Amino acid sequence: MKNLELKGKSKPTRRVWIDKPGTDEKRPLGIPTMYNRATQSLVKLALEPEWEAKFEPNSYGFRPGRSCHDAIEAIFNAIKSKAKYVLDADIAKCFDRINHGELLKKLNTFPTLRRQIKAWLNSGVMDGKQLFPTSEGTPQGGVISPLLANIALHGMEERIKQIADTLPTPRGRSKRGNRESLSLIRYADDFVIIHEDLTVVQRCKEIISKWLDGIGLELKPSKTRLAHTLHKHDGQDAGFNFLGFNVRQYPKGKYNTGCNPHGKPLGFKTFIKPSKEKVKKHYDHITQVIDQHKTAPQAALIAHLNPIIRGILQHSS
């Protein structure tokens with residue numbers, strides 16, 4: 001620790017390609033040198049407490065003491081008393097496209113740290129024996145990259161709350177109630193926007209698209225969809241998948257026909273469970289382990305299966 005200095009310089013990171021789950025694509029990682037990893041950890045220790053005090057309440061990814069289960073709980077709290085429309089969105093190549101200038105402007109730190117972080121951002125990557133420049137993005141694999149990505153995306157929730165302030169206030173609801181009725185819940189580069197009015201959700205999509213454009217990012221069309229938690233919407237089933245969970249509401253009651261004469265649901269039950277894709281992935285993993293241990297003693301097979309099964313139970317609890 002005593003030998004670490006912030007000199008405003010950086011060596012290139014090493015490019016490593018890893019499989020992207022569920023697709024044939026590869027995800028690029030930028031692995032810094034040991035010295036750079038140590039100095040990044042030092043800078044993160046300095047910056048993180050300040051930004052933890054600033055970060056928005058419904059930001060959950062890569063933050064100490066927060067997990068995807070906390071994000072799922074926030075979604076449950078947003079929809080538990082009323083069925084709503086949901087924009088389920090994903091940011092295209094978030095880590096690779098963040099605008100360096102906008103990030104450094106938002107970071108707004110003292111010159112020594114600014115120079116050092118700028119050096120890390122512009123250090124380039126070595127892919128094999130070839131050096132490629134990094135004029136945008138925060139390379140995945142760096143110790144400080146998740147914190148920088150969260151700083152770049154800071155302000156999304158407040159931008160949505162500003163839209164809530166412009167909405168007409170229904171009878172019996174306060175301005176604060178308007179803010180609480182419109183939710184943006186984000187985990188890293190995945191987020192959902194939730195509101196009872198489809199028009200409001202569509203407007204939020206347009207506003208967030210413009211906001212993201214300001215930091216060099218855009219929504220990924222193939223992973224962005226509008227859904228309703230209780231009813232089919234645009235030919236698609238009710239509910240949505242988020243962070244490996246399926247969130248959906250079902251009408252309840254023996255004689256429940258869905259809605260009263262005014263179009264309001266008579267009652268519903270919210271179910272949150274692992275998505276079909278995640279269940280199949282776990283099932284395939286268990287099958288693979290069993291096949292690999294056909295001739296192994298029973299105790300050895302059980303020892304390999306127990307951690308996998310515990311993981312499934314923890315994920316679905």
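Since this is a predicted model, take the numbers as computed values, not measurements.
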Would you confirm whether [X], through its side chain, and [Y], through its main-chain N or O, come within 3.5 Å as a donor-acceptor pair?
X: E218; Y: S209; value: no
X: Q116; Y: K9; value: yes
X: N108; Y: K105; value: no

For a side chain to side chain donor-acceptor pair (under 3.5 Å) check, start with the C-alpha distance between T109 and R114, then their side-chain angles and the critical distance, and finish with the verdict. CA-CA 6 Å; T109 190; R114 189 182 189 281; over 6 Å; no
Who pairs with D234 by salt bridge (Lys or Arg N to Asp or Glu O under 4.0 Å), at least two apart in sequence or on another chain? none
So, using salt bridge (Lys or Arg N to Asp or Glu O under 4.0 Å) as the criterion, who are the partners of K82 when residues are at least two apart? E196
Could you tabulate the donor-acceptor pairs under 3.5 Å formed by side-chain atoms of residues 119-143, not counting sequence neighbours?
| residue | atom | partner | partner atom | Å |
| --- | --- | --- | --- | --- |
| N122 | OD1 | H100 | ND1 | 3.0 |
| N122 | ND2 | K118 | O | 3.2 |
| S123 | OG | W120 | O | 3.0 |
| D127 | OD2 | W17 | NE1 | 3.3 |
| T134 | OG1 | L121 | O | 2.8 |
| T134 | OG1 | G124 | N | 3.0 |

How far apart are the closest heavy atoms of [X] and [Y], and which atoms are they?
X: I208; Y: L184; value: CD1-CD1, 4.2 Å
X: I185; Y: A71; value: CG2-O, 3.8 Å
X: A78; Y: K84; value: O-NZ, 2.9 Å
X: P32; Y: T13; value: CA-CG2, 3.9 Å
X: L153; Y: C94; value: CD1-SG, 4.0 Å
X: S59; Y: R63; value: O-NH1, 2.8 Å

Without hydrogens or angle criteria, can the side chains of Q40 and R37 be said to hold a donor-acceptor pair below 3.5 Å? no
Interatomic distance, T287 atom OG1 to I290 atom CD1 [nearest 0.5 angstrom]: 6.0 Å
When rounded to the nearest 0.5 angstrom, what is the spacing between CZ in R115 and OG in S10? 15.0 Å
Would you call K106 and E102 a salt bridge, taking side-chain N to carboxylate O under 4.0 Å as the test? no
With a 4.0 Å cut-off, would you call R179 and D165 a salt bridge? yes
Hydrophobic cluster identity match, L29 and I91, side-chain contacts under 4.5 Å: no
Expected list for residues 236-251: side-chain donor-acceptor pairs under 3.5 angstrom, two or more places apart:
| residue | atom | partner | partner atom | Å |
| --- | --- | --- | --- | --- |
| Q236 | OE1 | R225 | NE | 3.0 |
| Q236 | OE1 | R225 | NH2 | 3.4 |
| N241 | OD1 | N246 | ND2 | 2.9 |
| Q249 | OE1 | T229 | OG1 | 2.5 |
| Q249 | NE2 | I79 | O | 2.8 |
| Q249 | NE2 | T270 | OG1 | 3.2 |

Which residues pass the ring-ring contact (aromatic ring centres under 6.0 Å, His included) test with Y85, sequence neighbours left out? H228, H233
Which residue pairs satisfy the ring-ring contact (aromatic ring centres under 6.0 Å, His included) criterion with at least one member in residues 134-160, sequence neighbours excluded? W51-H154, F55-H154
Side-chain contact test, heavy atoms from C-beta onward, threshold under 4.5 Å: evaluate it for I160 versus L182 and give yes or no. yes
